[in-house]
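The basis for the numbers below is simple: all heavy atoms, side chains too, and nothing from hydrogens, waters or symmetry mates. A, B, ... follow the sequence lines: proteins, then strands. Residue 1 opens every chain.
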Amino acid sequence: MRASVEGNEVEVPAGATCADVLKAALSGKRFKAALACRLGGELLDLSVAWPTTFTGSATPVTADEPDGLVILRHSTSHIMAAAVKKLFPEARVAIGPAIDSGFYYDFGVARPFALDDLPAIEAAMRDIIKADLPFTRETMPKAKAARLFREQGEVYKAEIIEGLEGDAPVSLYRCGDFLDLCRGPHLPRTGMAGAFALLSVAGAYWRGDEKNPMLSRIYGTAFPDEKALKAHLDRLEEAKRRDHRKLGKELDLFSFHEDVAPGMSFWLPKGMLLRAILEDFLRREHLKRGYGLVQGPQILRKELWERSGHYDHYRENMYFTEIEGDVHGVKPMNCVGHMLMYGQHLHSYRDLPVRMFELGVVHRHEKSGVLHGLLRVRQFTQDDAHIICTPEQLEDEIIKVMHLSSDLMDLFGFEYKIFISTRPADSMGTDEGWERATNALIKAVEKEGKAYQINEGDGAFYGPKIDIKVMDAIGREWQLSTIQVDFTLPEAFDLVYVGPDGERHQPVMVHRAILGSLERFIGVLTEHYAGAFPTWLAPVQARILNVTDAQEDFVREARERLTALGIRVEADTRNEKLGFKVREAQLAKVPYILVVGDKEVEEHGVNVRLRSGDNMGLRSLEDVAALIRADGDEPFKRGGMSYSFA
RNA sequence: GCCGCCUUGGCUCAGUUGGUAGAGCGGCUGAUUCGUAAUCAGCAGAUCGUCAGUUCAAAUCUGACAGGCGGCUCCA
């Protein structure tokens, strides 16, 4: 029979395997690198028979491409499971997929794995790799496979098989003594595994449901070679170095006092200054875009939360307090306040859209185990806004919000992904309302030509949403922007506008936050910049250092002068050697280090050293101020926005 | 909330098989006045997360609780 690989036609005997075909068509070296075979969109094991029905041209899959890396990691995960079964025969295997950063495998065990168990498992894995065992594929009718696993006590595998749709036989992979249910494909032999490392252990619910038993998960990673593995481990180290919790402490940005206020941040002067600059910028940007600034109260009576639906759908996450026998709820969201403010007047269609912006402080009682520095807290400030508009204006308003979001993400240099979340099980409103709202979101995103993914059932209880997620230093995704359409709350609060026909109509509401919360945003931003904030955001833009006590008076004078010129500057006149003070300023990531010795005093200037280590020589105070101001304005020129220093 | 690990001076961490605590950095004091990533010396500072228990004796062992870290579920 004839087969084609990368355009090369070859003649192979009938019944040939994919390996036979690749071997006939490729150079020896290239064939040796092949982990699997790609036919159209399908990946096949090298050991399976070449499908005679395939008419296209196949390609080999190698470890240096994404599909190959997935196979490598998936097989490494199976090798780990084989090692675990060897060392802990009573362990029950669940699932073991490849993930973005490596792989994991979940096991049902009486005693969960600890970090101390990993070296022995790694050693057993090395033995299996050294033995160069083949991964052999076999298929079996579903019922037989389920029975087989059940007899072996592998309840999780049996449950997976029994839950599979259709009657197609299932594929099993054997590696030494270890037999596992798996769709494949796998490496031909364990000897082809690359460099790997087991990294951590964790608990994980069976099938991700907290009602199910907790399994013991081992995380690991694998790469084609030691060099790539080391690069990955180095990246993890670098991520630890830029962890915002560590940098926040080192740079004196914020603190936590876990014993008295778990999940709530304290903003120190430097962090608060950075935050105030951001807040100031946000307020101006919203005013420019037609938003009104508003602010509502922190606690509101329970009746209001019952009316909004929060009492039914969000009570678990709310804080309550009783005042003179009346139960009050601390606001977990700002929307109800905004709706009351809208209802203060009877609005004409000519007034719409009404856009209300609030840096709203909200409290949500998050479970203790989920708190994480500034990225997941119980009290946070949203850059929240509600847009109340006519149904006809909805799409245009969503697009405007998306523009604001992309302008801001670009300004900070964030990569992001868009998700659209649909109706959850626990929700309010009608199917029609949900469909209309969801379609409006999809239409707006498509009109903007942005790629998106659908998150089924992940919407808020009152409406569907667009979520925008950015990556942090370790590649974790964090949700920042959210744009939510709401047809239900305007109804619950009897919001109306008078149309051109003189009749009252119900408006549509958009909830949105762009940075999400200032806490999370500053956390992500700190890691993003590794603490070296751009000049416009840096709480301290310049630090003046004297060489000896003789220049102390001039340093004071220079600091006052630069402050008057609008520069955020501080002085370090401690009796320390210059090298020591430069080092400290450098570690504090101050963008401009201004050194003053006798020469500078004489010339009435400062010697300018940049954060990069470059030296710009002696400059006048006016020049330095102009330089720093221009540097601070730079990102806005690129982003087409503007923000001038106060 | 669930699983695992952790909790020692302001910070980072040592503390061997249980015999009531150490270092570096930081702070303070003094000396030094020294041009671009760490000057030297001295001093102060911890009832070892909290509460019980075992023991002649607990930072070290046991339990409960509170926090933290890595995940899971959840989420801006």
Side-chain angles (χ1 to χ4, degrees), chain A residues 104 106 109 111-117 199-219 240 243 245-246 249-250 255-263 316-317 332-334 360 362 364-384 421 458 460 465 467-469 474 476 478-482 484 511-521 523-524 545-552 574-588 593-600 607-610 613-615:
Chain A
Y104 68 80
D106 286 346
V109 279
R111 176 186 71 82
F113 293 117
L115 230 39
D116 300 341
D117 295 319
L199 299 174
S200 60
V201 292
Y205 298 108
W206 166 232
R207 298 203 147 156
D209 188 333
E210 60 184 327
K211 289 184 213 62
N212 285 339
M214 181 149 282
L215 306 175
S216 184
R217 173 174 299 178
I218 302 177
Y219 281 97
K240 269 191 205 160
D243 188 314
R245 292 165 298 186
K246 181 171 143 69
K249 202 178 278 181
E250 286 170 5
S255 61
F256 280 93
H257 301 269
E258 290 92 358
D259 45 341
V260 294
E316 300 302 301
N317 285 301
M333 298 177 190
N334 306 297
V362 297
R364 298 183 186 175
H365 187 87
E366 303 290 353
K367 290 175 181 173
S368 59
V370 307
L371 302 177
H372 182 96
L374 286 179
L375 300 185
R376 190 74 185 275
V377 288
R378 286 180 174 154
Q379 176 189 306
F380 55 99
T381 307
Q382 294 181 304
D383 60 328
D384 202 3
S421 300
D458 216 23
K465 54 182 186 169
D467 287 329
I468 296 179
K469 296 184 182 182
I474 333 179
R476 278 184 298 217
W478 289 98
Q479 187 177 323
L480 300 181
S481 304
T482 181
Q484 311 175 349
H511 308 246
R512 44 112 288 188
I514 306 301
L515 305 189
S517 82
L518 292 177
E519 286 76 8
R520 177 175 291 180
F521 189 75
V524 173
L545 318 179
N546 53 342
V547 179
T548 71
D549 288 349
Q551 301 90 32
E552 213 174 320
R574 290 175 302 169
N575 175 10
E576 296 288 352
K577 293 178 106 168
L578 182 61
F580 177 79
K581 295 202 274 192
V582 167
R583 175 185 149 84
E584 294 221 324
Q586 201 75 44
L587 290 175
I593 298 173
L594 311 177
V595 174
V596 175
D598 285 338
K599 197 167 66 190
E600 286 74 23
N607 187 284
V608 181
R609 177 188 160 117
L610 304 179
D614 290 345
N615 197 303

Sugar-phosphate, base or nothing in reach of L578(A), heavy atoms under 4.0 Å: base
Sugar-phosphate, base or nothing in reach of V377(A), heavy atoms under 4.0 Å: base
Minimum-distance nucleotide (side-chain atoms of S200(A) versus rG70(B), rA76(B), rC72(B)): rG70(B)
Nearest-angstrom distance, C1' atom, rG9(B) to rG22(B): 11 Å
Member of R245(A), K240(A), K246(A) meeting the salt bridge (charged side-chain N to carboxylate O under 4.0 Å, His left out) criterion with D243(A): R245(A)
Among rC2(B), rG26(B), rA76(B), the nucleotide that comes nearest once only the side chain of M214(A) is considered: rC2(B)
Whole-Å distance separating the CZ atom of R574(A) from the C1' atom of rG35(B): 17 Å
rA57(B) versus rG18(B) - spacing of their P atoms, nearest Å: 15 Å
Presence of donor-acceptor pair under 3.5 Å, side chain of Y205(A) and base of rG1(B): yes
Touch class at under 4.0 angstrom, heavy-atom based, for K211(A) against every strand present: nothing
Counterpart base for rC40(B), defined by Watson-Crick or G-U wobble contacts under 3.5 Å: rG30(B)
Whole-Å gap separating P (rU36(B)) and CZ (R583(A)): 16 Å
Phosphate OP1/OP2 of rA76(B) contacted by K465(A) side-chain N/O (<4.0 Å): yes
Spacing between H511(A) atom NE2 and rC75(B) atom C1', to the nearest angstrom: 17 Å
Inter-residue atom distance R520(A).CZ - H372(A).NE2, 0.5 Å rounding: 10.0 Å
Approximate separation, where rounding is to 0.5 Å, of E576(A) CD and T548(A) OG1: 13.5 Å
Pair assignment for rC61(B), Watson-Crick or G-U wobble, requiring both distances under 3.5 Å: rG53(B)
For rC72(B), the Watson-Crick or wobble counterpart (both distances under 3.5 Å): rG1(B)
rG71(B) base stacked by Y219(A) (centroids within less than 5.5 Å, tilt under 30°): no
Touch class at under 4.0 angstrom, heavy-atom based, for Q586(A) against every strand present: base
E210(A) side chain, from C-beta outward: closest of rG68(B), rC2(B), rG1(B): rG1(B)
Nearest-Å distance once atom C1' is located in both rC13(B) and rA46(B): 14 Å
Cationic N near anionic O, under 4.0 Å, E316(A) to R364(A): no
Sugar-phosphate only, base, or nothing, as touched by I593(A) at under 4.0 Å among non-hydrogen atoms: nothing
Shortest side-chain distance from K249(A), nucleotide among rU12(B), rG35(B), rG1(B): rU12(B)
Sugar-phosphate, base or nothing in reach of E576(A), heavy atoms under 4.0 Å: base
Under-3.5 Å donor-acceptor pair between R376(A) side chain and rC74(B) base: yes
Spacing of the P atoms in rU33(B) and rU39(B) (rounded, Å): 15 Å
Residue closer to the 5' end of RNA chain B, L371(A) versus S517(A) (nearest nucleotide): L371(A)
Whole-Å gap separating P (rA38(B)) and CG (L545(A)): 14 Å
rU47(B) to rU8(B) separation - P atoms, rounded to the nearest Å: 13 Å
Whole-angstrom distance between rU60(B) and rU17(B), as gauged at atom P: 15 Å
Nearest-nucleotide pick for K367(A), side chain only, options being rU73(B), rC11(B), rG70(B): rU73(B)
Under 4.0 angstrom between H372(A) side-chain N/O and rG70(B) OP1 or OP2: yes
Sidechain N-carboxylate O distance under 4.0 Å for E584(A), R574(A): yes
Approximate separation, where rounding is to 0.5 Å, of Y219(A) OH and D106(A) CG: 7.5 Å
Partner of E519(A) by side-chain contact (heavy atoms from CB on, under 4.5 Å), out of T381(A), L375(A), V524(A): T381(A)
Sugar-phosphate, base or nothing in reach of G208(A), heavy atoms under 4.0 Å: sugar-phosphate
Closest-nucleotide ordering on RNA chain B, the 5'-leading residue of F113(A) and G597(A): F113(A)
Of the listed nucleotides rG1(B), rA76(B), rU36(B), the one nearest the side chain of Q382(A): rA76(B)
rU16(B) - base-pair partner by Watson-Crick or wobble geometry, distances under 3.5 Å: none
Touch class at under 4.0 angstrom, heavy-atom based, for N317(A) against every strand present: nothing
Selected nucleotide, minimal atom distance to V201(A) side chain, candidates rU36(B), rG1(B), rG4(B): rG4(B)
Minimum-distance nucleotide to R245(A) side chain [options: rC3(B), rC69(B), rC72(B)]: rC69(B)
Sugar-phosphate only, base, or nothing, as touched by D549(A) at under 4.0 Å among non-hydrogen atoms: base
Sugar-phosphate only, base, or nothing, as touched by Q479(A) at under 4.0 Å among non-hydrogen atoms: sugar-phosphate
Watson-Crick/G-U partner (both atom distances under 3.5 Å) of rU47(B): none
Distance between P atoms of rC40(B) and rG26(B) (Å, rounded): 10 Å
Sugar-phosphate only, base, or nothing, as touched by D209(A) at under 4.0 Å among non-hydrogen atoms: nothing
Among rG1(B), rG67(B), rA37(B), the one nearest P262(A) by side-chain distance: rG67(B)
Sugar-phosphate, base or nothing in reach of D384(A), heavy atoms under 4.0 Å: nothing
Sugar-phosphate only, base, or nothing, as touched by G203(A) at under 4.0 Å among non-hydrogen atoms: base
Nearest-angstrom distance, C1' atom, rC51(B) to rG45(B): 26 Å
Donor-acceptor pair under 3.5 Å, E600(A) side chain vs rG35(B) base: yes
Under 3.5 Å donor-acceptor pair, R520(A) side-chain atoms to rC75(B) base atoms: yes
Distance in angstrom units between R217(A) CZ and rU73(B) C1', rounded: 11 Å
Whole-Å distance separating the CZ atom of R378(A) from the C1' atom of rA66(B): 12 Å
Of the listed nucleotides rG4(B), rC72(B), rA76(B), the one nearest the side chain of A204(A): rC72(B)
Q551(A) CD to D598(A) CG distance, which is reported to the nearest 0.5 Å: 5.0 Å
Distance, rounded to the nearest Å, where N607(A) contributes CG and rU36(B) contributes P: 10 Å
